[in-house]
Amino acid sequence: MAAKSEVIKEILERYKTIWALNHASAVLSWDREVNMPEDGIGGRSLASAEIAKLIQKLMLDESFVKLIDRAEEEKDFTDVEKGIIRMLKRDLKFYRRVPPEVVAEFAKVTSEAFVAWRNAKERADFKTFAPYLERIVELSRVIADKLGYDEHPYDALLDLYEEGLTSRDVDSIFSTLEPGIRRLLEKLEARGWPKSHPLEEEPYDRHSMEAAIREVLALIGYPEKRFRIDVSPHPFTTGLASPFDVRITVRYPPKDFREPLFSAVHEFGHALYELQIDEALAFTPVGTGVSLGVHESQSRFWENMIGRSREFLLHIAPILRRHLPFLAKYSDDDLYYYFNIVRPSLIRTEADEVTYNLHILLRYRLEKLMIAGEVKVADIPALWNEEMERLLGVRPKNDAEGVLQDIHWSHGSIGYFPTYTLGNVIAAQIRHAMGKLDEMIAAGKFNEIKEWLRERIHRWGAVYPPKEIVRRATGETYNPTYLLNYLENKYK
Ligand code: MG
């Protein structure tokens, strides 16, 4: 990388080893999800934990820390150089402030909690998971206190996933979204917008679907030598800490081909972000997507705002009909309504783009109450069910389809969920800022769309903090009204 500053050059030279370990660690995780036989898990967990320790040791190495501190005193850094120091300081802050004993205890509790959660979910019994969640909440509170915050301990946790995001931001977003979405749901109910479609029950041939997905992604366009698609139980994207090797995975349930189709387009959005990062930033602390929220804005933009649009359907319907013969008896209208069913439901991962953010609101409120100590963990399932009924009008029959449905709390990921809603909000801001998106899709101008995203967002990697990159790309910080306008226009 063309760094001017001598101290930055020295930092980047030292950072290469840390980058290499991050890269190795990402390959190990990818392999665990895609290839590894079940019993490999013990050795793999050990290897990953040892690599994490090594990274921490290198980061905290006295001479490396001194270099970073010295760099902070320099005045005329470029934006890229400032970004490098900002990102390293973020990592250092965590390592310096959170004692290793707390990190080790957290790792131990969450690995036990994962097993406890899986068993509790199988038996639909929250009680056996509750002691683990209590411990996770306590430890998260300790971590928040060590990291520090201005207004609410939850802010310290949010910042781990989304630099600079506060509960004040999230409250402000939901104060617009909640009433707006609920109004829209009432309208859709009154107008009789489709809540189901026979195609949901239609089985499909997996290999035909794979071929269709490859054609759909080829239509948008991707660099073949830098990209691959595999199969895993939970779809994900990994950039392996470099724009030269980006991989997505897809899952193929036996029926309802929307899931593999749109999860592939979703992951493609994540992949494109990593693929279009400026090559000059590769192997540096800023050669990566900047945050979970900005990353999710890219996946949601492609999945929902492009993938589920009428204009995109015109391009992909012929591809789908060629590979899936049962579609012969369905019109384009059928496909459009099938792709855009709106149905208040219990399970977040199955939620449509209208109801999805209400699921996030529910989790956000409960997390904030738990972290503030304003509610007992034992009372969470009852609160969950009440909130679910109030927000979405549906009530879980048991904990498995209620409070136990998501894996995140067992991983200790408290403060993570709001980044999903933030991603939807940013995606709609981008859609607005881009102008005539629907016309570009209709004309098949995918290169123009990709170029817009590359120029304003992707190429910068983590050079600018999330709020700044969003402001640079869209002219303002987080503004949820574009998401509401988009939804109201689409679901007319
Ligand atoms: Mg995603």
Side-chain angles (χ1 to χ4, degrees), residues 26 29-30 32-34 158 160-163 165 170 173 213 216-217 220 222 227-241 243 246-253 258-277 288-308 312 339 347-361 363-364 405-409 411 413-431 450 453 457-458 461-462 466 469-470 478 483 486:
S29 304
W30 174 84
R32 184 188 62 213
E33 300 300 319
V34 174
L158 279 174
L160 289 175
Y161 302 101
E162 191 71 25
E163 185 181 353
L165 185 68
V170 182
I173 287 171
I213 283 173
V216 169
L217 296 188
I220 306 169
Y222 58 82
F227 180 74
R228 61 177 284 146
I229 312 174
D230 292 275
V231 177
S232 76
H234 303 282
F236 71 99
T237 300
T238 177
L240 302 178
V246 180
R247 310 173 186 194
I248 68 167
T249 67
V250 181
R251 182 179 91 105
Y252 293 93
R258 278 179 314 171
E259 179 176 334
L261 175 63
F262 289 111
S263 73
V265 178
H266 177 102
E267 299 306 331
F268 175 83
H270 282 302
L272 190 67
Y273 187 3
E274 298 287 327
L275 285 165
Q276 297 206 111
I277 292 173
T288 170
V290 69
S291 68
L292 292 183
V294 177
H295 236 298
E296 193 69 5
S297 76
Q298 299 309 297
S299 56
R300 290 288 177 168
F301 181 76
W302 284 94
E303 176 194 349
N304 290 331
M305 288 160 194
I306 295 180
R308 294 180 203 265
F312 194 62
F339 290 167
I347 308 297
R348 176 187 62 86
T349 54
E350 294 165 10
D352 53 80
E353 64 176 331
V354 178
T355 58
Y356 190 88
N357 296 300
L358 297 178
H359 288 263
I360 301 304
L361 173 58
R363 286 154 179 78
Y364 165 64
Q405 64 181 273
D406 287 309
I407 197 171
H408 302 56
W409 288 347
H411 282 164
S413 306
I414 294 179
Y416 178 107
F417 283 115
T419 66
Y420 286 132
T421 289
L422 185 64
N424 292 324
V425 165
I426 299 171
Q429 284 181 235
I430 290 171
R431 183 178 181 280
K450 286 190 295 187
L453 296 170
I457 298 168
H458 299 168
I469 195 75
V470 171
Y478 311 140
L483 178 58
Y486 154 76

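Predicted, not measured: the structure shown is a model, and the values here were computed from it. Whatever order the structure lists them in is the order used to number ligands and atoms, beginning at 1. Scope of the values below: all heavy atoms of this structure, side chains included, with no hydrogens, waters or symmetry mates.
In this structure, NE2 of H266 and OE1 of E296 enclose an angle of 110° at the Mg ion (ligand 1), rounded to 10°.
Ring orientation note: the planes of H270 and H266 are nearly perpendicular, at an angle over 60° on the 30°/60° scale.
One finds a salt bridge joining D406 and R348 here, because a Lys/Arg side-chain nitrogen approaches an Asp/Glu carboxylate oxygen to under 4.0 Å. Using a 4.0 Å cut-off between charged nitrogen and carboxylate oxygen, E259 and R251 count as a salt-bridge pair.
Checked by atom type and distance alone, the side chain of T249 pairs as donor or acceptor with a backbone atom of F236 at under 3.5 Å.
For a distance bound of 2.8 Å, the N, O or S atoms of H295 include none lying that close to the Mg ion (ligand 1). Taking backbone and side-chain atoms together, E267 has no N/O/S atom less than 2.8 Å away from the Mg ion (ligand 1).
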